[in-house]
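Note that the structure is predicted; figures quoted are calculated from it, not measured.
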Amino acid sequence: QFHLSMQSGCDTVLERMRRKYDTKRYFESLELLEQIIVSPENKVFFSKDGILYSKETGNILFIPMNLRGEVVISVTVTDMQYHSFRTQSQLTAITLPSGLTQISTMQFFGCSNLTRLDIPAGLKLLDTQALNGCTSLTDIFYGGTKAQWEAITKEDRWYKGTGDFVIHCTDGDIPKP
């Protein structure tokens, strides 16, 4: 466990701050990071399942490169930035929050060990290549009916580069398109 200063911008600043690392070491350390733990007393940030969130907006601020296993995204999240989960190759299952309405372009790009994705019934859009590189994906659990799934706007190639998954709806299953 070690402290990574959020203001680590350039070697000149780090030198003036008398830090014992440079920007190269800083970014190497970020690649090793497995989880973020924030004190409950912190007034600006909170963490859940190792992910850093803003208390003000409730949205994701940072996902560690080596986050592992299964994560449940905080119910405070209503929007996820483009590529939020890019190359999170150690994740095996992700549960998305009920207020999420879209999965952006290449949102889960390179999540090669992801086998399960839980999607809320309120989803309206699956953008282009949203699941690209999820080669191990076997199950999508959708919180609504097959008719609701069919009503979601699905952009071209939203499932490009994925495993042979099944979409499990509340009233039955749908095979990969």
Considering all heavy atoms, the nearest [X]-[Y] contact:
X	Y	answer
S136	S112	OG-O, 2.6 Å
I73	Y53	CA-OH, 3.6 Å
S104	M80	OG-O, 3.7 Å
I103	I119	CD1-CD1, 4.0 Å
V38	S47	N-OG, 3.0 Å
G144	A121	N-CB, 3.7 Å

**Asked** Is it the case that T105 and Q129 place a side-chain donor and acceptor less than 3.5 Å from each other?
**Response**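 The answer is no; no qualifying pair exists.
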
**Prompt:** Is it the case that S39 and E41 place a side-chain donor and acceptor less than 3.5 Å from each other?
**Reply:**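 Present: a donor and an acceptor within the cut-off.
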
Please determine whether residues [X] and [Y] belong to a single hydrophobic cluster, defined as Ile, Leu, Val, Met, Phe, Trp and Tyr linked transitively by side-chain heavy-atom distances below 4.5 Å.
X	Y	answer
F45	L33	yes
M65	V71	no
L100	I152	yes
F141	W149	no

Ignoring hydrogens and angles, tell me if any N or O in the side chain of [X] forms a donor-acceptor pair with the backbone of [Y] under 3.5 Å.
X	Y	result
T92	N113	no
N132	F109	no
Q148	T145	yes

**Item:** With sequence neighbours excluded, residues passing side chain to side chain donor-acceptor pair (under 3.5 Å) with Q90
**Value:**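 If we apply the side chain to side chain donor-acceptor pair (under 3.5 Å) test to Q90, skipping adjacent residues, the hits are R68.
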
Side chains of [X] and [Y], heavy atoms from C-beta outward: is any pair under 4.5 Å?
X	Y	result
T78	N59	yes
C111	Q88	yes
H168	V166	yes
P97	T76	no
D127	Q107	no
K55	V44	no

Roughly how far apart are [X] [atom1] and [Y] [atom2], rounded to 0.5 Å?
X	Y	atom1	atom2	value
I167	K146	CD1	NZ	11.0 Å
R157	M106	CZ	CE	9.5 Å
K154	L125	NZ	CG	10.0 Å
L67	D49	CG	CG	7.5 Å
T153	Q102	OG1	CD	10.5 Å
D79	T101	CG	OG1	7.5 Å

**Request:** Inspect the surroundings of CD in E15 and state if more than 12 heavy atoms from other residues, nucleotides or ligands are less than 6.0 Å away.
**Result:**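 No.
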
**Request:** Could you tell me which residues satisfy side-chain contact (heavy atoms from CB on, under 4.5 Å) with P40, sequence neighbours excluded, listed by chain and number?
**Result:**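 So P40 forms no side-chain contact (heavy atoms from CB on, under 4.5 Å) with any residue.
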
**Request:** Would you check, one step at a time, whether the test side chain to side chain contact (heavy atoms under 4.5 Å, CB included) holds for L123 with L96?
**Result:** CA-CA 10 Å; L123 194 75; L96 300 175; 5.8 Å; no

**Prompt:** For the side chain to side chain contact (heavy atoms under 4.5 Å, CB included) test, which of F108, F165, Y159 pairs with L137?
**Reply:**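 Filter result, single survivor: F165.
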
